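Atom set for the values below is all heavy atoms of this structure, side chains included, hydrogens, waters and symmetry mates excluded. Everything numeric in this text was worked out from a predicted model, so none of it was measured. Order of the sequence lines sets the chain letters (A, B, ...), proteins ahead of strands, with each chain counted from 1.
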Amino acid sequence: MTDVVATKNLVETAVSAAMAQVLPAELAGGDPLVRRSEHADFQSNVALALAKQAKRPPREIAQAVADAIDAHAVSATTSGPGFLNLTVPDATLWERIGERVNADRLGIGTPLTGERMVIDYSAPNIAKEMHVGHLRTTIIGDALARILGFLGADVVRQNHLGDWGTQFGMLIQYIDEHPELPWRHQGGDVSTLDALYRAARAQFDADLGFADRARSRVVALQSGDAATLAVWRELVAESELAFQALYDRLGVLLTPADSAGESTYNLFLADVVEELVAAGIVVESDGALCVFFDDITGPDGDRVPLIVRKSDGGFGYAATDLATIRYRIRDLKATRILYVVDARQAMHFRMVFATARRAGWLTDDVHAVHVPFGTVLAADGRPFKTRSGGTVRLSELLDAAVGRARDVISEKAHGLAPDELEHVVQAAGIGAVKYADLSTSRTKDYTFDVDRMVSFTGNTGVYLQYAHVRTRSILAKLPEGAALAAVDTTLPLHPAERALALALDDFADTLADVADTLEPHRLCGYLFALAKAYTDFFESCPVLRAETAAQRGNRVALCRLTGRTLATGLHLLGIEAPQRL
RNA sequence: GCGCUCGUAGCUCAGUGGAUAGAGCAGAGGACUUCUAAUCCUAAGGUCGCAGGUUCGAAUCCUGCCGGGCGCGCCA
């Protein structure tokens, strides 16, 4: 595997070398501040940034750096108050194309090698259907898992299923009292389980006797009663089938092997609390065992606790989360732990991380990060309800998107066989939903609008899929052997070719940026810009009808590289890139 | 009350120290004997919530306000 050095890095090297010649030693080693520019290929702002420290006018510094730059590598001119406009020779860009098009993995390196990253995402609840509330964590988490893994990290996916809690007493008791109900072996149809849950809930709320029996059943479950546990296991297995069906449909990497639900940590809860007690980290308050934090207070000004053991002796989710983080550090040996969880739980994670730090589990060489995302809102700007009937099921949403995709594609498609058409319809519909979620800033509230989501114009998944298809369709029409031509680095670059080449060169930088910020929408923005650059190229640079064989060969390389970059980028977002559309 | 978060074009959003703040959608006009027009081009559209401050330079950093959302003891 060969990493290809990006043109931007070559420019940075050239500017740094020039800085070393004309600036005092203490300033010469600084960041050359090279950025993409509207006025040239790149620009450097060092002269403006360092003028004060260097006690020289910025224009003078810019001119000195420009004069010192190796003119064979980069041509530099000064502009405005002290900008340095940097342009690379055509041959340099063609060389990059030639290297990348023949490289494994597009010449992208694996800078995260050696890191073990645990990613906690999706976390649906057993015996309930997945709804829009699970959309963002599942899709964002999966994209991050793919991207970090691509960059060389050892990714450990963790699906923290909601597979434990008092609601199972209610559910199991209800099943026990209604043995005739058909909920087993539904083969991934969780709606019967969901109906069961709602029926049990209704009776729990209305029937005091049943509520008492349900509470007894909770005790039986927690104390390991064999018959109760057996039903519980069946419930979990049945739900996991349903989740897997949905993950498969969504193109999400999660499998049962990644499941590590709340119940996984039951055995460790007592030990975790004991350890915290022994360390003097928890104190008793109103009968509960709590951790307090000076900077976290409630409306009355009193400090708010993280309750690790309830006054009734039971363990809550805080204990589970503490046992979980301890396990991920001690046993999974994580160097970075990502919790892709709703932003509303920010304070909870602050407390959990702070506690883990006090306990000595979370050290400076491990990074625990809450990766928050905004609330899912309806088109009217109000949140989706979770408990009263207004919840949209995830499967319904996907059906709607795929249905719309089918309508549009059916009237456009030429010569797609029925099974291929159906595959394309699924890829477009599912991709539309995922792209809509991923392409907006993660931390903001997310307006969920089916019409916008499945609209196939503008900055959408289908636009990118279509751009990819246009690269494939040119390549499919090439005469025999034409795809194998080497890049001729002596040809002049058309402006659209130059813009495309520069965009292609940004891919590695973009991925590193996403790995750093954990914001997949930056990759979406990059791919959209790349697709537009390709479309410009497509409009103004004929490939099959190029003027010479050499020119055609170079443009074929651009098509191939663009196609592979788009397909790779979409794949890293968890979106399919069909060959035809 | 405290904390977190958001406020950018009619709408949905990019843009976290650089040049004239950008896309998409909607609306206006134009381009198909297609390497797939699911596309492209043109024009129009903004007191970057407000006010100070830091800086050669602020949508971006700091402070204070205004407005919205969310969170704050035994649910997860």
Side-chain angles (χ1 to χ4, degrees), chain A residues 33 35 37-39 43 45 48-49 51-52 57-58 79-83 85 123 125 160 162 164-167 262 285-290 292 295-312 314-318 320-321 341-348 350-351 372 374-375 377 381-383 408-409 411-414 428 436 439-441 443-445 447 449 451-452 455-460 462-463 465-467 469-478 517 521-522 524-525 528-529 532 535-536 538-546 552 555 559 580-581:
Chain A
L33 297 177
R35 308 280 185 266
S37 175
E38 294 172 32
H39 307 277
Q43 69 183 50
N45 306 324
L48 291 158
K52 197 164 198 175
S79 170
F83 295 109
N85 287 340
N125 296 313
H160 199 73
W164 200 253
T166 52
Q167 73 274 19
E262 292 163 356
S285 170
D286 292 341
L289 294 180
C290 304
F292 287 99
D295 56 344
I296 300 180
T297 56
D300 51 9
D302 291 345
R303 295 181 304 169
V304 173
L306 182 71
I307 297 174
V308 299
R309 201 182 72 191
K310 298 186 285 186
S311 53
D312 67 0
F315 299 108
Y317 61 97
T320 307
D321 281 349
V341 179
D342 192 297
R344 285 175 290 195
Q345 294 192 34
M347 193 169 88
H348 171 68
R350 253 176 76 200
M351 296 196 289
T375 307
L377 306 175
R382 304 183 66 87
V408 179
I409 292 173
E411 74 186 37
K412 296 270 184 186
H414 303 289
S439 60
T440 185
S441 172
T443 52
K444 288 188 182 181
D445 285 350
T447 303
D449 184 331
D451 288 335
R452 178 169 290 119
S455 152
F456 297 139
T457 56
N459 186 7
T460 64
V462 174
Y463 177 87
Q465 289 172 326
Y466 179 61
V469 164
R470 295 219 283 188
T471 69
R472 300 304 314 166
S473 105
I474 286 180
L475 297 174
K477 289 182 179 169
L478 280 176
T517 61
H521 82 275
R522 293 168 186 263
C524 296
F528 184 59
K532 281 203 292 188
T535 302
D536 285 348
F538 185 92
E539 300 281 333
S540 51
C541 300
V543 178
L544 299 178
R545 295 189 299 258
R552 187 181 67 187
R555 289 178 176 174
C559 288
R580 299 175 64 190
L581 201 52

[atom1]-based separation of [M] from [N] [nearest Å]:
N: B/rA26; M: B/rG18; atom1: C1'; result: 33 Å
N: B/rC50; M: B/rG68; atom1: C1'; result: 15 Å
N: B/rC62; M: B/rU55; atom1: C1'; result: 12 Å
N: B/rU8; M: B/rA59; atom1: C1'; result: 7 Å
N: B/rA51; M: B/rC66; atom1: P; result: 15 Å
N: B/rC13; M: B/rC56; atom1: P; result: 37 Å
N: B/rA38; M: B/rC25; atom1: P; result: 14 Å
N: B/rG49; M: B/rU60; atom1: C1'; result: 15 Å

Next item on the list: Give the rounded distance in Å between these two atoms: CG of A/L581 and C1' of B/rA38.
Entry: 7 Å

Item checked: Protein-nucleotide distance (A/R344, atom CZ; B/rG3, atom C1'), rounded to Å -> 17 Å

Which listed nucleotide ([options]) is nearest to the side chain of [X]?
X: A/M347; options: B/rG71, B/rG69, B/rG18; value: B/rG71
X: A/E539; options: B/rA38, B/rG73, B/rC40; value: B/rC40
X: A/R522; options: B/rC56, B/rU16, B/rC74; value: B/rU16
X: A/L48; options: B/rC56, B/rC35, B/rC74; value: B/rC56
X: A/T535; options: B/rU39, B/rG73, B/rU12; value: B/rU39
X: A/S37; options: B/rA19, B/rC75, B/rC74; value: B/rA19
X: A/F83; options: B/rC35, B/rG3, B/rG18; value: B/rG18
X: A/A288; options: B/rU55, B/rU39, B/rC74; value: B/rC74
X: A/Y317; options: B/rC72, B/rC75, B/rU39; value: B/rC75
X: A/I307; options: B/rG73, B/rC35, B/rA19; value: B/rG73

Note to self: Set out, in order, the CA-CA distance, both residues' side-chain angles and the distance that settles side-chain contact (heavy atoms from CB on, under 4.5 Å) for A/T535 and A/K532, then state yes or no.
What the structure shows: CA-CA 5 Å; A/T535 302; A/K532 281 203 292 188; 5.5 Å; no

Check: Under 5.5 Å between ring centres and under 30° between planes: true for A/F538 and the base of B/rC35?
Finding: yes

Checklist line | Residue mapping more 5' on RNA chain B - nearest nucleotide basis, A/S285 or A/G316 | finding: A/S285

Margin query: Here's a test of your reading of the structure: between A/P299 and A/S540, which maps to the more 5' nucleotide of RNA chain B?
Written below: A/P299

Item checked: B/S/- contact track for nucleotides 20-29 of chain B, protein heavy atom under 4.0 Å -> ---SSS----

OP1 or OP2 of [N] sitting under 4.0 Å from any side-chain N/O of [X]?
X: A/K444; N: B/rU12; result: no
X: A/H521; N: B/rG15; result: yes
X: A/K52; N: B/rC56; result: yes
X: A/Y463; N: B/rC40; result: yes
X: A/R470; N: B/rA37; result: yes
X: A/T166; N: B/rC75; result: no

Next item on the list: Just label B/rG73 as syn or anti from its O4'-C1'-N9-C4 or O4'-C1'-N1-C2 angle, using within 90° of 0 for syn.
Entry: syn

So, taking the atom named [atom1] in [X] and the one named [atom2] in [Y], what distance separates them when rounded to the nearest 0.5 Å?
X: A/D342; Y: A/T375; atom1: CG; atom2: OG1; result: 5.0 Å
X: A/I409; Y: A/R580; atom1: CD1; atom2: CZ; result: 12.5 Å
X: A/R552; Y: A/I474; atom1: CZ; atom2: CD1; result: 12.0 Å
X: A/D295; Y: A/R303; atom1: CG; atom2: CZ; result: 10.0 Å
X: A/E262; Y: A/D321; atom1: CD; atom2: CG; result: 8.0 Å
X: A/R350; Y: A/I296; atom1: CZ; atom2: CD1; result: 4.0 Å

Any N or O donor-acceptor pair linking the side chain of [X] to the base of [N] at under 3.5 Å?
X: A/N85; N: B/rA19; result: yes
X: A/Y466; N: B/rA38; result: no
X: A/E262; N: B/rA76; result: no

Heavy atoms only, 4.0 Å cut-off, all strands: where does [X] land among base, sugar-phosphate and nothing?
X: A/A428; answer: nothing
X: A/S79; answer: base
X: A/D295; answer: nothing
X: A/N45; answer: base
X: A/Q345; answer: base
X: A/R309; answer: nothing
X: A/T440; answer: sugar-phosphate
X: A/V462; answer: base
X: A/C541; answer: base

Next item on the list: Kindly write out the residues that satisfy ring pair (Phe, Tyr, Trp, His ring centres under 6.0 Å) with A/F528, not counting sequence neighbours, or none if the list is empty.
Entry: A/Y463

Notebook entry, point to check: Less than 6.0 Å separating the ring centroids of A/H348 and A/Y317?
Noted result: yes

So do the side chains of [X] and [Y] get within less than 4.5 Å of each other, counting heavy atoms only?
X: A/P305; Y: A/M351; answer: no
X: A/Q167; Y: A/N125; answer: no
X: A/L48; Y: A/P81; answer: yes

Check: Dot-bracket for RNA chain B, 5' to 3', counting Watson-Crick or G-U wobble pairs under 3.5 Å, with [ ] for crossing pairs and | for inter-strand pairs?
Finding: (((((((..((((....[...))))..((((.......))))......(((((..]....))))))))))))....

Check: What is the minimum heavy-atom distance between A/A318 and A/L306, and which atoms define it?
Finding: CB-CD1, 3.6 Å

Next item on the list: Show your reasoning for whether side-chain contact (heavy atoms from CB on, under 4.5 Å) applies to A/F315 and A/V308.
Entry: CA-CA 6 Å; A/F315 299 108; A/V308 299; over 6 Å; no

